[in-house]
Number of protein chains: 2
Amino acid sequence: MKEKTGKHGTGTTTSEALLGILSIAPMSGYDMRATIERSIGNFWNESFGQIYPALKRLTEEKLVEKKAERRKGHPDRNVYSLTAKGEDRVREWLEVPAANEVPRNELLLKLFFGGHAPVSASRESVESFVTRQQQALKRYREIAKQIRKEHSDDPRAEFWLMTVDYGRHYSEAMVKWGRKTLKELDAIESRAQEKSARKKRRE
Amino acid sequence: MKEKTGKHGTGTTTSEALLGILSIAPMSGYDMRATIERSIGNFWNESFGQIYPALKRLTEEKLVEKKAERRKGHPDRNVYSLTAKGEDRVREWLEVPAANEVPRNELLLKLFFGGHAPVSASRESVESFVTRQQQALKRYREIAKQIRKEHSDDPRAEFWLMTVDYGRHYSEAMVKWGRKTLKELDAIESRAQEKSARKKRRE
DNA sequence: GGGTGCATGTAATGGGTTACATGATTCT
DNA sequence: AGAATCATGTAACCCATTACATGCACCC
């Protein structure tokens with residue numbers, strides 16, 4: 001018999017992310033989307049196609065409450081907030097240590113099989129990856145600055161900064177690896193060209 | 001109108017991984033599972049529940065060929081190999097640069113909301129993560145050594161080593177981040193304890 | 001006889017992405 | 001009038017995990 005990681009909602013999915021977001025402040029589904037993108041968008045995304053059905057289920061389970069809000073000059077909206085039960089659920093969820101899953105990595109998969117295609121193909125993948133990581137690094141520095149400026153009083157800001165710091169460590173390492181790998185790919189290519197040049201001379 | 005990343009199979013999924021594996025050597029579905037675990041298991045996993053149905057589809061699409069193998073002293077098995085069409089497909093797939101997706105990261109999600117639970121909860125998550133990364137680091141060093149020993153002649157080995165090197169860069173950075181983060185979590189906790197101690201003294 | 005490893009599959013379930021559909025308001 | 005933004009939702013489709021089911025061979 002095996003222990004299961006998730007069964008009746010112990011796993012981490014859209015619902016947990018939404019409960020987490022609502023633990024920061026009550027808001028509408030529309031706002032959740034934007035808040036998620038701004039705050040945890042570097043490691044977690046949600047689409048409307050997931051958010052609205054999830055909010056429906058969470059409401060049925062009495063983990064969140066919906067309040068219709070009518071405002072002049074704006075469309076109506078439904079503002080959701082955590083119930084006491086919802087707050088408990090967030091705490092319970094946080095008490096379960098995060099699983100150490102192995103996420104699928106398309107870049108590495110393609111690179112692993114890189115020998116079966118022109119080197120330029122691998123090069124492009126790695127190059128675009130490095131560019132992305134450099135941009136991310138810049139972004140992380142800005143985000144950290146902003147958090148320290150705007151939320152220096154909030155005790156939760158320290159946790160937010162830890163996740164930003166993860167990004168910094170990650171992206172820095174990835175840029176280093178990427179540059180090194182690009183050099184190695186170039187070496188492979190120039191060796192291949194030498195080889196074909198020698199072949200031509202012989203012909 | 002938006003460009004779609006994947007439509008009729010341009011995406012990267014079980015099928016592509018299997019085609020890639022078969023580009024290295026023909027083998028049975030059972031062997032694919034084991035091979036995947038040994039070779040790309042650090043960034044890509046497949047289960048039998050995916051492998052067998054995928055092989056069926058790939059056979060129908062004439063991308064792979066099945067040959068029944070009967071051997072005395074062993075159960076029968078189906079050995080799959082790439083067709084010419086399958087080899088083309090692998091090359092086409094490799095020519096499309098890897099997408100820069102944002103994988104969901106449960107550890108960071110929980111850490112982000114860490115302020116809503118005891119610090120010990122965050123601590124456990126990070127601690128287990130660091131341990132995992134340290135083990136991975138050891139494994140990577142062994143794998144690299146083994147590849148250099150057993151496949152020094154194979155030109156594809158260079159690509160394999162690049163993926164191992166990714167792991168090394170990644171895990172090293174993650175161990176650094178994890179240790180730093182554990183220290184910060186400890187600081188938060190001791191500050192909280194001081195606070196409650198002062199409170200007690202006042203009572 | 002029972003455990004382990006080899007070997008192949010199916011079914012149930014859950015969950016995520018995308019496209020589609022609708023409609024108000026505000027700005028140009 | 002038309003585009004952009006706010007706002008909520010549904011439906012189709014794809015993909016993955018897990019559990020279940022089966023059976024042979026080999027060794028103790």
Side-chain angles (χ1 to χ4, degrees), chain A residues 1-18 27-37 44-60 64 66-80 99 101-106 109, chain B residues 1-18 27-37 44-60 64 66-80 99 101-106 109:
Chain A
M1 220 166 282
K2 233 190 256 176
E3 275 306 303
K4 273 163 258 167
T5 326
K7 180 152 183 180
H8 41 234
T10 326
T12 291
T13 172
T14 298
S15 298
E16 284 71 35
L18 295 184
M27 67 185 86
S28 67
Y30 188 86
D31 284 346
M32 284 181 211
R33 171 87 232 286
T35 303
I36 286 171
E37 208 176 10
W44 200 276
N45 276 316
E46 293 295 348
S47 62
F48 290 128
Q50 282 285 104
I51 290 173
Y52 289 115
L55 285 173
K56 206 179 187 180
R57 286 195 304 273
L58 290 172
T59 308
E60 280 160 17
V64 304
K66 173 161 84 166
K67 263 171 213 151
E69 206 184 84
R70 240 148 288 133
R71 302 166 308 160
K72 66 266 127 165
H74 287 283
D76 294 359
R77 60 178 193 169
N78 304 319
V79 175
Y80 292 86
E101 351 85 75
V102 177
R104 289 180 158 198
N105 189 322
E106 193 191 353
L109 189 67
Chain B
M1 221 166 283
K2 231 191 257 177
E3 277 305 305
K4 272 162 260 167
T5 325
K7 177 150 187 181
H8 40 233
T10 325
T12 292
T13 170
T14 298
S15 299
E16 285 71 36
L18 295 185
M27 66 185 88
S28 68
Y30 189 85
D31 284 346
M32 285 181 210
R33 174 86 232 286
T35 303
I36 286 170
E37 210 177 8
W44 200 278
N45 276 315
E46 294 295 348
S47 62
F48 289 127
Q50 281 285 105
I51 291 174
Y52 288 114
L55 284 174
K56 207 180 188 179
R57 286 194 305 272
L58 290 172
T59 307
E60 280 161 18
V64 304
K66 174 161 84 168
K67 263 171 214 152
E69 206 183 85
R70 240 148 288 135
R71 303 165 306 160
K72 67 266 129 172
H74 287 283
D76 294 359
R77 61 179 191 170
N78 304 320
V79 175
Y80 292 86
E101 351 86 74
V102 177
R104 291 180 157 197
N105 189 320
E106 194 190 354
L109 189 68

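Here is the naming used below: chain letters follow the sequence lines, and residue numbers restart at 1 for every chain.
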Inset, instruction - Can you figure out which of C:dG9, C:dT18, C:dG16 approaches the side chain of B:R104 most closely? - result: C:dG16
Inset, instruction - Write down the distance between CD (A:E37) and P (D:dC6), rounded to a whole number of angstrom. - result: 12 Å
Inset, instruction - For A:R33, enumerate each residue passing the side-chain hydrogen bond (donor to acceptor under 3.5 Å, both in side chains) test, keeping only those at least two apart in sequence or located in another chain. - result: none
Legend entry - Short side-chain N/O contact from B:Y52 to OP1 or OP2 of C:dT8, under 4.0 Å: yes
Legend entry - Closest nucleotide among D:dT8, C:dG9, D:dC15 to the B:K66 side chain: C:dG9
Inset, instruction - Among the candidates D:dC6, D:dT17, C:dC6, find the nucleotide nearest to the side-chain atoms of A:P75. - result: D:dC6
Legend entry - Atom of B:L18, atom of B:I51 and distance for their closest heavy-atom approach: CD1-O, 4.0 Å
Legend entry - Rounded distance in Å - CE (A:M27) to P (D:dA7): 12 Å
Legend entry - Nearest listed nucleotide, side chain of A:R71, among C:dT8, D:dA7, C:dG16: D:dA7
Inset, instruction - Compare all side-chain heavy atoms of A:L55 with those of A:M32 and state whether any distance is below 4.5 angstrom. - result: yes
Inset, instruction - From the options D:dA16, D:dG9, C:dA7, select the nucleotide whose nearest atom is closest to the side chain of B:D31. - result: C:dA7
Inset, instruction - Keeping the roles fixed (side chain from B:R104, backbone from A:N45), state whether a donor-acceptor pair exists under 3.5 Å. - result: yes
Inset, instruction - Please work out if B:S47 contacts a base, only the sugar-phosphate, or nothing of the nucleic acid, heavy-atom cut-off 4.0 Å. - result: base
Inset, instruction - Side-chain contact test, heavy atoms from C-beta onward, threshold under 4.5 Å: evaluate it for B:E69 versus B:H74 and give yes or no. - result: no
Inset, instruction - For B:H74 and for B:T13, find the nucleotide of DNA chain D with the closest heavy atom, then tell me which residue's nucleotide is more 5'. - result: B:T13
Inset, instruction - Return no unless some side-chain N or O of A:K56 is found under 4.0 Å from OP1 or OP2 of D:dT8. - result: no
Inset, instruction - Report the nucleotide, chosen from C:dT10, D:dT8, D:dA16, that has the shortest atom-to-atom distance to any side-chain atom of B:P53. - result: C:dT10
Legend entry - Atom-to-atom span, CD1 of B:I51 to P of C:dA11 - whole angstrom: 19 Å
Legend entry - Phosphate OP1/OP2 of D:dA7: any A:R33 side-chain N/O under 4.0 Å: no
Inset, instruction - Could you state the atom-to-atom distance from CG of B:L55 to P of C:dT8 in whole Å? - result: 9 Å
Legend entry - Residue-phosphate contact under 4.0 Å: B:S28 side-chain N/O, C:dT8 OP1/OP2: yes
Inset, instruction - Give the rounded distance in Å between these two atoms: CD of B:E101 and P of C:dG16. - result: 16 Å
Inset, instruction - Considering just the side-chain nitrogens and oxygens of A:N78, establish if one lies under 4.0 Å of OP1 or OP2 belonging to D:dG9. - result: yes
Inset, instruction - Pick base, sugar-phosphate or nothing for B:G49, based on heavy-atom distances below 4.0 Å to the nucleic acid. - result: base
Legend entry - Integer-rounded Å distance: D:dC15 C1' and A:E106 CD: 14 Å
Inset, instruction - Quickly work out the A:F48 CZ to D:dT5 C1' distance and round it to whole Å. - result: 11 Å
Inset, instruction - May I ask you to evaluate whether A:T14 reaches the phosphate of C:dG15, defined as a side-chain N or O under 4.0 Å from OP1 or OP2? - result: no
Inset, instruction - Rounded off to whole Å, could you give me the CZ-to-C1' distance for the A:R57 and D:dG9 pair? - result: 14 Å
Legend entry - Donor-acceptor contact present, side-chain A:Q50 to main-chain A:S47, <3.5 Å: no
